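Taking it in order: structure first as structure tokens, then the write-up.
Positions are given from 1 along the sequence. Atoms considered below: every heavy atom in the structure, side chains included; atoms not considered: hydrogens, waters and symmetry mates. Predicted model only: the values in this text are computed from it and were never measured.
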Amino acid sequence: MFKSILVASGIALASFSAAAVESNQIDGLYNTGAGLASGKIDTHYSFEAISGTAVGTDGHGVTTRQTGLNSMFYAWLDNTADSKWLTPTINARQSYDPTEPGLYKWSISFDLTGLDITSAWITGRWAADNNGYIQLNGTTISSGSALDSWTSFSATAGFLSGVNTLDFFVTNLAQKVGNATGVRVEFLDSYAVAAVPEPESWALIVAGLAVVGAIARRRIG
């Protein structure tokens with residue numbers, strides 16, 4: 001009996017210790033287009049046309065070519081190795097919404113199962129053509145953005161114990177020609193620690209330590 005308790009408590013203690021030494025950065029947060037060649041679909045993000053003419057496109061949003069972004073129709077931030085622009089189609093210069101504004105949404109999900117959501121936070125920056133806002137699980141955490149400069153965002157609350165979703169809403173203002181739209185996201189830092197063990201795990205740990213102490217005292221005596 002003592003041996004069973006000792007083994008079980010040892011496993012619980014080892015699991016807790018392993019969780020404590022793991023990286024505290026949140027998994028599942030990806031910069032748009034990171035590591036992808038031009039024209040590849042970024043499957044970390046989903047794409048939805050709430051309204052506007054970018055309907056029936058390639059879907060998730062596609063990384064655009066790096067050269068030529070700062071000429072002709074628009075002056076987007078240049079793509080880098082850290083992140084790239086996502087657009088509704090492979091053609092970054094595709095024009096949308098000639099008479100009415102369009103509203104588009106790029107989304108990414110991440111899982112905080114087993115983590116203490118009260119300890120969680122994220123920081124990042126984003127750009128959008130023309131402007132937009134960000135929601136974490138349906139609550140707005142940032143509003144306003146630009147196509148030629150970064151806008152910071154952060155969240156320290158509003159997380160869920162499980163799957164969380166960040167939605168990047170982009171408004172494309174109406175314009176007859178040369179009216180491209182897209183989004184760019186970079187996560188700068190994130191944090192979340194493992195949740196406190198369940199009472200059952202603590203009971204096993206305490207019981208195991210008690211057994212170890214009893215054995216030690218018996219050997220000394």
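Nearest approach of Pro88 to Thr181, heavy atoms of both residues: CD-O, 3.5 Å. Here the closest non-hydrogen pair linking Ala127 and Leu77 is CB-CD1, 3.9 Å. Across every non-hydrogen atom of Asp97 and Asn172, the tightest pair is OD2-ND2, 2.8 Å. Across all non-hydrogen atoms, the minimal contact from Ser83 to Trp150 is OG-CH2, 3.9 Å. Looking at every heavy atom in both residues, Gly178 comes nearest to Ser95 through N-OG, 3.4 Å. Taking every heavy atom of both residues into account, Ser142 and Ser152 meet most closely at OG-O, 3.8 Å.
Cluster annotation: Phe47 and Tyr133 are assigned to distinct hydrophobic clusters (Ile/Leu/Val/Met/Phe/Trp/Tyr, side-chain heavy-atom contacts under 4.5 Å, transitive). Criterion: ILVMFWY side-chain heavy atoms under 4.5 Å apart, direct or through other members. Under it, Phe169 and Ile122 are not part of a common hydrophobic cluster. Side-chain heavy atoms closer than 4.5 Å link hydrophobic residues (I, L, V, M, F, W, Y) into clusters, and following such links, even through other members, never connects Trp126 to Leu188. A single hydrophobic cluster is not seen to contain both Trp106 and Leu103; linkage of ILVMFWY side chains at heavy-atom distances under 4.5 Å, directly or through other members, places them apart. Hydrophobic cluster membership is shared by Tyr96 and Phe168, with clusters built from Ile, Leu, Val, Met, Phe, Trp and Tyr side chains linked at under 4.5 angstrom.
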- Dump the intermediate steps for side-chain hydrogen bond (donor to acceptor under 3.5 Å, both in side chains) on Gln94 and Thr89, then the final yes or no. CA-CA 7 Å; Gln94 179 68 42; Thr89 67; 4.8 Å; no

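Separation of atoms CG (Asn130) and CG (Leu147) is listed at 6.5 Å; rounding is to 0.5 Å. Note that OG of Ser109 is 8.0 Å distant from CG of Asp167, once rounded to the nearest 0.5 Å. Atom CZ of Phe159 and atom OG1 of Thr139 lie 11.0 Å apart (nearest 0.5 Å). A distance of 14.0 Å separates OH of Tyr45 from NZ of Lys105, quoted to the nearest 0.5 Å. Between Ile90 atom CD1 and Ile41 atom CD1 the span is 8.5 Å, to the nearest 0.5 Å. Between atom CZ of residue Arg125 and atom OG of residue Ser145 there is a gap of 14.0 Å, rounded to the nearest 0.5 Å.
At distances below 3.5 Å, not a single donor-acceptor pair connects side-chain atoms of Thr32 with backbone N or O atoms of Leu86. Under the 3.5 Å distance criterion, the side-chain polar atoms of Thr123 are left unmatched by any main-chain donor or acceptor of Ser154. Under the 3.5 Å distance criterion, the side-chain polar atoms of Lys84 are left unmatched by any main-chain donor or acceptor of Ser38. The main-chain N or O of Gly144 is never found under 3.5 Å from a side-chain atom of Asn131 such that the two would form a donor-acceptor pair. Judged by distance alone, the side chain of Asn79 and the main-chain N or O of Trp85 form a donor-acceptor pair under 3.5 Å. Remark: the backbone N or O of Thr43 is not paired with any side-chain donor or acceptor of Tyr30 at under 3.5 angstrom. Panel note: side chain Asn164, backbone Leu136; no donor-acceptor pair is recorded below 3.5 Å. In this structure, Ser149 contributes its side chain and Ala146 its backbone to no donor-acceptor pair below 3.5 Å. At distances below 3.5 Å, at least one donor-acceptor pair connects side-chain atoms of Gln175 with backbone N or O atoms of Val177.
When side chains are defined from C-beta on, Val185 does not count as touching Leu166, because their heavy atoms never get closer than 4.5 Å. Proximity of Trp76 to Thr87: side-chain heavy atoms (C-beta onward) are separated by under 4.5 Å at one or more points. Between Arg184 and Thr80 there is a side-chain heavy-atom pair separated by less than 4.5 Å. Put simply, the side chain of Phe110 does not reach to within 4.5 Å of the side chain of Phe187, judged on heavy atoms. Using a 4.5 Å cut-off on side-chain heavy atoms (C-beta onward), Leu160 and Leu112 make no contact.
Heavy atoms from other residues, nucleotides or ligands lying under 6.0 Å from CG of Asp27 number 12 at most.
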